Number of protein chains: 2
Amino acid sequence: MSQPTAARDGLSVGEAAREAGVSIDTLRYYEREHLLRTERTPSGHRRYSPGDLEWIAVLTCLRETGMPIRRMREFATLVGEDDDATIGARIDLLAEHREDVLRRIRELEANLAHVEGKIAYYRGRSAG
Amino acid sequence: MSQPTAARDGLSVGEAAREAGVSIDTLRYYEREHLLRTERTPSGHRRYSPGDLEWIAVLTCLRETGMPIRRMREFATLVGEDDDATIGARIDLLAEHREDVLRRIRELEANLAHVEGKIAYYRGRSAG
DNA sequence: CGTTGACCTGGACCGCGCTCCAGGTCCTAC
DNA sequence: GTAGGACCTGGAGCGCGGTCCAGGTCAACG
C-alpha cells in the first residue's frame, strides 16, 4: 500500500484515468475508437506509460476544443504511422482545427455580447 | 404567388424557419419543449409574429452559446410569466450563463494555445 | 486458501438535440 | 374535382460521446 504500483512500469487503467482526469470507461472507449493503443501485462491488463499519458492529454485537449472523435482518429492514425512524411498532414489538420476553434470563440463572443445586452436591458427595466 | 403570404398577419412555419435560419422541425421541437408558443390559424397552422421571430433569435443565441434546452425552458418560463417579479431571476439566469460562456471561452483559449504549441513543434520538426 | 477489489470483454443503454417518417388535413391552382 | 404542396400530429430514429452492466479473470492480503 505504501508504494502501490510504482514499481511496475506503467500505470493501471484506474491510475491513468485518475492522473488524466478522465473516466476509465473513456480510456477504454478511446482505445476501441483507435485513438489510443496500450501495452498489456501478460494477463491482459492495460499499462500506461508516461508517453501514453502525454498522448491522452493531447486527446483531451482536442476533445475540449470540440474536435469530433472521427477527426481525432484521423490525427491518431497520422501520428501512429510514425512516418515523418505525415507531419505536413498533421500540421494541416491541427491548423484547420485551430481555425475552427478561433471561429467558435468569435461566435461565442458575438453571442455573449447579445446576452450582455439582454442583461443590461433587464437591469434597466427593473430599475424602472 | 407574387405576395405569397404577406397579407396574412404572421409567417408560416416554413417562412419563419427560413427567416430565423433554423429548420421547421427545430421550431416544432422548441414548441414541444415549451420554449415557444405560437398562435394558430383556425385550421391549426402555426403563425409567427415579428415578436415570435425576435424570441426565436434569443433562443438561437442561447443555444449557440451552449445553453441546454432544459435551462432555456426555465428562462422561457420566466419570460412567459410576464411578471416583473421574475426579472431578477431572468437577470440571474443570464448572468450565470454569461459566466459559463466566459469560462468556456477561456478554456478554449487555453487549449488553443496548446494546439498552437503542437503546430509549432511539428513545424520545427519538419524544418529541422 | 479464500476474500476482496481492480481489471477484462462484448454489448446494451443513456441524454442530448434534433431529424425523419407515416398518415392525414388543408389550401390553392388548374 | 383533382393535383400539388405546405402544413398537422405522434412517435420512431439518429449521431454523438460516453456510461453502465453482466459475467468472468486476476492479484494481493491475511
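In the text below, chain A, chain B and the rest are named by the order of the sequence lines, each starting its count at 1. Small disclaimer: the values here were computed from a predicted structure and weren't measured.
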Which atom pairs, donor and acceptor, lie under 3.5 Å between side-chain atoms of residues 53-60 of chain B and protein residues at least two apart or in another chain?
residue	atom	partner	partner atom	Å
B:Trp55	NE1	B:Leu35	O	2.7
B:Thr60	OG1	B:Ile56	O	2.9

Could you tabulate the donor-acceptor pairs under 3.5 Å formed by side-chain atoms of residues 120-128 of chain B, not counting sequence neighbours?
residue	atom	partner	partner atom	Å
B:Tyr121	OH	B:Arg125	NH1	3.3
B:Tyr122	OH	A:Arg90	NH1	3.4
B:Arg125	NH2	A:Asp84	OD1	3.0
B:Ser126	OG	B:Arg123	O	3.2

Name the atoms and distances for all side-chain donor-acceptor pairs under 3.5 Å in residues 105-114 of chain A, with sequence neighbours left out.
residue	atom	partner	partner atom	Å
A:Asn111	ND2	A:Glu107	O	3.3
A:Asn111	ND2	B:Glu64	OE1	3.2

Please write out each protein N/O paired with an N/O of nucleotides 14-17 of chain C under 3.5 Å, distance rounded to 0.1 Å.
residue	atom	partner	partner atom	Å
C:dC16	OP1	B:Arg70	NH2	3.2
C:dG17	OP1	B:Arg63	NH1	3.3
C:dG17	OP2	B:Ile69	N	3.3

Atom pairs under 3.5 Å: protein N/O with N/O of nucleotides 2-4 of chain C:
none

Can you name the atoms? Protein N/O to nucleotides 2-12 of chain D N/O, anything below 3.5 Å, with the distance.
residue	atom	partner	partner atom	Å
D:dC7	OP1	B:Ser12	OG	2.7
D:dC7	OP1	B:Gly14	N	3.0
D:dC8	OP1	B:Arg46	N	2.7
D:dC8	OP1	B:Arg46	NH1	2.9
D:dC8	OP2	B:Arg28	NH1	2.7
D:dC8	OP2	B:Arg46	NH1	3.0
D:dC8	O5'	B:Arg46	NH1	3.4
D:dT9	OP1	B:Arg40	NH1	3.2
D:dT9	OP1	B:Arg40	NH2	3.4
D:dT9	OP2	B:Arg46	NH1	3.1
D:dT9	OP2	B:Arg46	NH2	2.7

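Across A:Leu62 and A:Thr65, no two heavy atoms sit closer than the pair O-OG1, 2.8 Å. A pairwise comparison of heavy atoms in A:Met67 and A:Arg63 identifies O-NH1, 2.8 Å as the closest pair. Of all the heavy atoms in A:Ala17 and A:Ser23, the pair that sits closest is CB-C, 4.0 Å. The two residues B:Val115 and A:Leu94 make their nearest non-hydrogen contact at CG1-O, 3.9 Å.
What separates CD of A:Glu33 from C1' of C:dG10 is a distance of 14 Å, to the nearest Å. Between the CD atom of A:Glu31 and the P atom of D:dG18 there is a distance of 15 Å, rounded to whole Å. Remark: P of C:dC7 and CD of A:Glu39 are 17 Å apart, rounded to the nearest angstrom. Separating the OH atom of A:Tyr48 from the P atom of C:dA6 is a distance of 16 Å, rounded to the nearest angstrom. Atom CG in B:Leu36 sits about 13 Å away from atom P in C:dC18, given to the nearest Å.
Counted within 6.0 Å of CD on A:Glu39, heavy atoms from surrounding residues, nucleotides or ligands total 12 or fewer; the atom is thus considered open. Within a 6.0 Å radius of CZ in B:Arg37, no more than 12 heavy atoms belonging to other residues, nucleotides or ligands are found.
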task = Apply side chain to side chain contact (heavy atoms under 4.5 Å, CB included) to A:Met72 and A:Glu33, showing your working.
result = CA-CA 9 Å; A:Met72 287 168 65; A:Glu33 294 296 323; over 6 Å; no

query = Between B:Arg47 and B:Ser12, is a side chain to side chain contact (heavy atoms under 4.5 Å, CB included) present by the stated rule, with each step listed?
reply = CA-CA 5 Å; B:Arg47 291 282 87 144; B:Ser12 72; 3.0 Å; yes

